[in-house]
Every structure is written in structure tokens, then in C-alpha cells.
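Each remark here refers to the structure printed beneath this line.
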2 protein chains.
Amino acid sequence: MDQPVKVYNTAVEVTLEVIGGKWKPVILFHLTFGKKRNNELLHLIPSITQKMLTQHLRELEDEGIIQRIIYNEVPPKVEYELTEYGWSMKELLHMMCRWGEMHVDKKYQGTAAIRENSRLESAP
Amino acid sequence: MDQPVKVYNTAVEVTLEVIGGKWKPVILFHLTFGKKRNNELLHLIPSITQKMLTQHLRELEDEGIIQRIIYNEVPPKVEYELTEYGWSMKELLHMMCRWGEMHVDKKYQGTAAIRENSRLESAP
DNA sequence: CGGTATCCAATTGGATACTG
DNA sequence: CAGTATCCAATTGGATACCG
């Protein structure tokens, strides 16, 4: 009875609470292409530090967006992957990616670029 | 020649640079429903302060996403609206909104709610 | 009404060293 | 390999007072 109810002003704020912050969308974006290990993510996101990566992975795990898979091996092996629920973010993440591609092409023409073949371009 | 070129690792980072942060998506979301005045935005986003609102409005203006319309009246009247370019974010913002609505319904059932009739639900 | 300016608190981010 | 722990720097956010 009378459980505390949090009220958001718009649903956009809800989404931001889950994927807000500097790194979460980037991490999740990479995971939409499949399972990734700690070190893989560090290399895919060169400017992130181990501390920030771990911190955000834990928060995403707590939200039920991703899950850790721990293999009992030596040396240790851990993989991160989207949960079934986490996959519901794929469309949104890819839309963010496509908008960014458009923005670079249109506004930063020649003065900014996107590394490697991480462009979605015509992909779904 | 040899103008400095900024390299992003993924296009998602580009998008975050434009609409990242705690308030920008919320501000823009409200603007997708039409022009808004300073005071209107303050009431639509009760937890934002005047300082933060102004600061983010200026940044969005610099990016060419929104524009200020100053009416020469007494008392002063200023309105903010999306630029034609800014409208290209509408689909993304509304998708963020819809994901948030789904998340509240699915995960916070009963313990969180979205204020007023700001839900999109079946809207485009 | 629609802001600035200032100052201070809280949060976030990063470098480095160390652990199972 | 996959992290913790600690400490410090930078950025962000907020309260208050004031201005055109």
C-alpha cells in the first residue's frame, strides 16, 4: 500500500536514466553486433577507461539490459551480451547511429570522420 | 590543407555530442510539439533550473538544431523552435519516448509513472 | 519576461597501483 | 584476463542575487 511512486515528466527521461551518460549507448551499440569481452570493448572504445567500462557494464547489468557470462577457465574469460530485453534497444541505438552518420556527412564534412567500417549506412 | 580532422569511433558518439547530457533530449522532445517560450519550458521540465535551461538552449542553437525568435515587445517575448535541421531528430526523440513508455510499463509497473498526457502511445 | 553572474556542492571521469 | 581500490581533477549542477 502506498508504495513510493516515482513520477517522470516525460518518457524520454526514463530512457535517459537507462542509457544516459557518456558511454552506455556506445557500449550497447557494440553489443548489438554480438557478445564482447572486456578487452574487446576496451579496444572498440579506445577513449574509455577500465573503471568507466566496468562501472557502466554493472549498471546496465542491474537494469537487466545486458548479462555477464562467466566461463570457468584459466585465464579467466567473461563475455557480455544483450539480454532478450536489451535487444529491444537495438532499433533505437541504430537510429542514433544513423543520425550521427548523417550529421557528420552534412555538418562536419571533411572535418570529422567515423572510424573503420562501423557505419551502418544501408543496414537495417 | 591538413585541417584537423576529428575521428569518432562510432556515429553514436556523434549523436551523443549533440543531444547528450541530462536535459537536451527532454528539451527537444517538448519542442517537437511546437514553439515554446522560456517560461513554458521551465514549467514543462520542473526539475530544470533557469541556468541549465539557458545553457542547453544556447548549445542547441550553436549546433543549428533550434533557433530563437525574438519579438520586439514589452514585456520581452522569446520563443524557441526546432530548425528544419532540428526536425530530423523528431523520429529519434519519439522513439526514445516510446521505449521509455514501454520500460515503465514493463519494469516499473506501479512504482513509476509518466506525468500528464505526454505519452505518445499510438502516435507516429 | 527572460535572462546573467557568482559561488559553491555534487557528480563524473581519469591515472595509477594492485589483485584473484 | 578481468577486474578493484584509491585518490585527485574536471565537469556539471544548483542557489541566490541581480539586470535590461
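Computed from heavy atoms alone, side chains included, the values below leave out hydrogens, waters and symmetry copies. Each chain gets a letter, A, B and so on, in the order its sequence line appears, and its residues count up from 1.
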Please give, in whole Å, the distance from C:dG3 P to B:L57 CG? 8 Å

Could you give the NZ-to-P distance, from A:K22 to C:dT11, as a whole number of Å? 19 Å

How far apart are the closest heavy atoms of A:V104 and A:A112, and which atoms are they? CG1-O, 3.6 Å

Taking 4.0 Å as the cut-off, does a side-chain nitrogen or oxygen of A:N38 come that near to OP1 or OP2 on D:dC1? no

Hey, can you tell me if B:Y108 and B:H103 have their rings parallel, tilted or perpendicular (30° and 60° cut-offs)? perpendicular

In whole Å, I'd like the distance from the CD atom of B:E17 to the C1' atom of D:dT11. 15 Å

Sorted by number, residues from residues 59-75 of chain A placing a heavy atom under 4.0 Å from DNA chain D are A:R68, A:P75

Phosphate oxygens OP1/OP2 of C:dC1: is one of them under 4.0 Å from a side-chain N or O of B:R37? no

Could you please name the option among D:dG3, C:dC1, C:dA15 that lies closest to any side-chain atom of B:N39? C:dC1

Below 3.5 Å, can you tabulate the donor-acceptor pairs from side chains in residues 41-50 of chain B to any protein atom, sequence neighbours excluded?
{"unit_1": "B:H43", "atom_1": "ND1", "unit_2": "B:N39", "atom_2": "O", "d": "2.9"}
{"unit_1": "B:T49", "atom_1": "OG1", "unit_2": "B:M52", "atom_2": "N", "d": "3.3"}
{"unit_1": "B:Q50", "atom_1": "OE1", "unit_2": "B:N38", "atom_2": "ND2", "d": "3.0"}
{"unit_1": "B:Q50", "atom_1": "NE2", "unit_2": "B:N38", "atom_2": "OD1", "d": "3.1"}
{"unit_1": "B:Q50", "atom_1": "NE2", "unit_2": "B:T54", "atom_2": "OG1", "d": "2.8"}

A:K107 to B:Y85, cation-pi by 6.0 Å centre distance and 45° axis angle: yes

Does the side chain of A:Y80 come under 3.5 Å of the side chain of A:E61 through a donor N or O and an acceptor N or O? no

Using atom CD of B:Q50 as one end and atom P of C:dC1 as the other, report the distance to the nearest whole Å. 11 Å

If you look at every heavy atom in B:C97 and A:A11, which pair is closest and at what distance? O-CB, 3.2 Å

Output the rounded distance in Å from CH2 (A:W23) to C1' (D:dT11). 14 Å

Name each donor-acceptor pair under 3.5 Å that joins a side chain in residues 63-72 of chain A to protein atoms two or more places apart or in another chain, with its distance.
{"unit_1": "A:Y71", "atom_1": "OH", "unit_2": "A:E79", "atom_2": "OE1", "d": "2.6"}

Whole angstroms only, please: what is the CD-C1' distance between A:E40 and D:dG3? 16 Å

B:R58 side chain N/O closer than 4.0 Å to the phosphate oxygens (OP1, OP2) of C:dG2? no

Nearest-nucleotide check on DNA chain C, A:Q55 vs B:Y80; residue mapping nearer the 5' end is B:Y80

So which nucleotide from C:dG2, C:dT4, C:dG13 ends up closest to the side chain of A:M52? C:dG13

Can you tell me the distance, in whole Å, between the CG atom of A:L53 and the P atom of D:dA5? 16 Å

May I have the distance from A:H43 (atom NE2) to D:dC1 (atom C1'), rounded to whole angstrom? 12 Å

